[in-house]
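What follows is one structure encoded as structure tokens, with my remarks underneath.
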Amino acid sequence: MSVIASEWHKLHRVRSSRALLGAMFLVLVGSTGIGHLMVRTWDGMSAADRIHTEAADIGIPVMPFAEFLFGVLAALVVTAEYTSGAIRTTLVAVPRRGRLLASKLVVVLGVAVVGGQAVAWLTVLATDVLTAGRPAPIRPWETVADAVTLTVGRGVGVAFIALVGFGLGWLLRATAGALVTMTGLLFVAPMLAFFLPADWARPVSATLPTNLAGQLVGAAGPQAVYSPVAAGAVMAAWLLLVVGGGWLAFRYRDA
Amino acid sequence: MIEVSELTKRFGRRTAVDRLSFTVKPGRVTGFLGPNGAGKSTTMRMVLGLDRPDRGSARVLGRPYDRIAEPLRHVGALLDAGAMHPGLAARDHLIALARANRLGAARVDTVLERVGLTDVGRRRIGGFSLGMRQRLGIAAALLGEPEVLLFDEPVNGLDPEGIRWIRDLMRAEAATGRTVLVSSHLMSEMQLTADHVLVIGRGRLILESSMADLAERFRRDVLVAAADPVAAESAFTEAGGVVAPDPEGMSVTGLTAERLGEIALRHGITLHRLTPRSASLEDSYLQLTADAVEFRTGEES
């Protein structure tokens, strides 16, 4: 517990965490603004045009940002200590490496689970308020109760990506390397998958980290390739690879 | 108490630390001397469990470092001044370390006061000068009132007043029975701080000595080897010289080489050697370490 308290103190007091929280807030406000514009445009449309509109679901622009920002936060918990050399001071205070990694993991997971769910639910509430009294397709669901599974899944997605970022931090030890790899995995890989032959594109895309949480909660719709259990297994495999590899690197390399 | 036994560390082909063994005893300041790249920092990192030795072992208070529960209560270390997160305030850096070892916030304020950083405790480390970081690192080392202290090049970046302060601090800690190991590449610095020195070069122990013996050994004197040492000693003593034993003959102080030659002639004593030795401690140290680099031996001619 004492090491968890120590890691939490660092995470919530360090300047970069506050910057990331501020960025998250700006993305939420900006996306709500976009949603508001979409609804206003919809209000001025003819009945024929209204049918072809996209849903004003604020979560669609916000969640990829949330995944990225919490992934960066998780990677920084590790890489900022390596880049500055602080990891050596930390290890002098906590020489048991398993204990240190586990404590950081608990803090990162706690922050990402709470943060991910908070952001996901804020987007749902904002969407609900903006589209109130309007029908589908501009309103993505009839009542908030219909959006529970989708929203929980989005929050889980944020926590999952944060763990991937955490593992990458231990593996790469450098902020720049972790950010580039995360950008590749989150934004570039889905595009590359899109250009694969048709019978490859779907399974590859479904296996990418960004698309697994939706399948886990059964909210991925027609794009789903994996059953919830299979999606959970693929997620576990990703974490075993990245966090497990990170642990081995930390355990056996010199600090 | 720090015990290092047959410690070896290789980086690729280069052997940074080569079967190094020594013991650091409590109650005195032990200087860990060697030129840059001699393996001082690598040895300290292995003692603290940061680097894994290829062979050998290091023990602190009788245990491998990672077997010490809440180690800041027993061991304090000042590593390079950069070993802290620039985005944290000084006080938060110390609080995080204190929490990890269940030390109270009162200790944080005490050590901040002791190193003179109370007024800047809420400022971020990123804006600190090298000297301020060094003081903060020392505060972290003192946090748990440890009985063992390791300082890696603590005077780096400190101003003259700061250098004097850290010197007095180390001497005061050793005087209360604590174990203090301090590394430096400057003999002149150790001369003022350490009671005991370990000199290493190329990862090997070249010399271990008390500071007093080292100063004695290297003071300005004349090395004399005589066919009849007993007669020579009495003749030199009679003339006002002070004679001390030396592995290669006798060491004479208080008389010049010329004068010794005249005395020997007058007494009919054959001299085999008559060598004035005027090396300062710093010169001797440079010679010792240069030999280690070139020939891996501590023998002098």
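Numbers restart at 1 for each chain; the letters A, B, ... are given by sequence-line order, proteins then strands.
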Would you say [X] has more than 12 foreign heavy atoms packed within less than 6.0 Å of its [atom1]?
{"X": "A:Tyr82", "atom1": "OH", "answer": "yes"}
{"X": "A:Arg18", "atom1": "CZ", "answer": "yes"}
{"X": "A:Phe187", "atom1": "CZ", "answer": "yes"}

Query raised in the report: Does any heavy atom of chain A fall under 4.5 Å from the side chain of B:Arg124, the backbone, both, or neither of them?
Result: side chain
Query raised in the report: So which part of B:Leu88 gets closer than 4.5 Å to some heavy atom of chain A, the side chain, the backbone, both or neither?
Result: both
If you count heavy-atom pairs within less than 4.5 Å of chain B, which of [options] leads?
{"options": "A:Ser84, A:Ala80, A:Ser16", "answer": "A:Ser84"}
{"options": "A:Thr90, A:Val14, A:Val3", "answer": "A:Val14"}
{"options": "A:Glu81, A:Arg88, A:Met1, A:Glu7", "answer": "A:Arg88"}

Query raised in the report: Tell me, do A:His9 and B:Asp92 make a side-chain contact under 4.5 Å, heavy atoms counted?
Result: yes
Query raised in the report: Which of the residues B:Leu48, B:Asn101, B:Val75 is involved in the greatest number of heavy-atom pairs with chain A at under 4.5 angstrom?
Result: B:Asn101
Report task. Quick one: which of B:Ala141, B:Pro71, B:Gly49 has the most heavy-atom pairs under 4.5 Å with chain A, could you say? Result -> B:Pro71
Report task. For B:Glu173, check side-chain contact (heavy atoms from CB on, under 4.5 Å) against everything at least two apart and list the hits. Result -> B:Arg114, B:Leu142, B:Leu149, B:Leu169, B:Arg178, B:Val180
Query raised in the report: Where along residues 91-106 of chain A does a heavy atom come under 4.5 Å of chain B, listed by residue number?
Result: A:Leu91, A:Val92, A:Ala93, A:Val94, A:Pro95, A:Arg96, A:Arg97
Query raised in the report: Under the 3.5 angstrom rule, does the side chain of A:Asp254 hit a backbone N or O of B:Arg52 as a donor-acceptor pair?
Result: yes
Report summary line: Scanning both residues in full, the closest heavy-atom pair of A:Ser2 with B:Arg102 reads CB-CG, 3.6 Å
Query raised in the report: Do you know which two heavy atoms are closest between B:Arg99 and A:Ala5, and how far apart they sit?
Result: CD-CB, 4.0 Å
Query raised in the report: So A:Thr89 and B:His93, side chain to side chain contact (heavy atoms under 4.5 Å, CB included) or not? Walk me through it.
Result: CA-CA 10 Å; A:Thr89 305; B:His93 171 72; 4.0 Å; yes
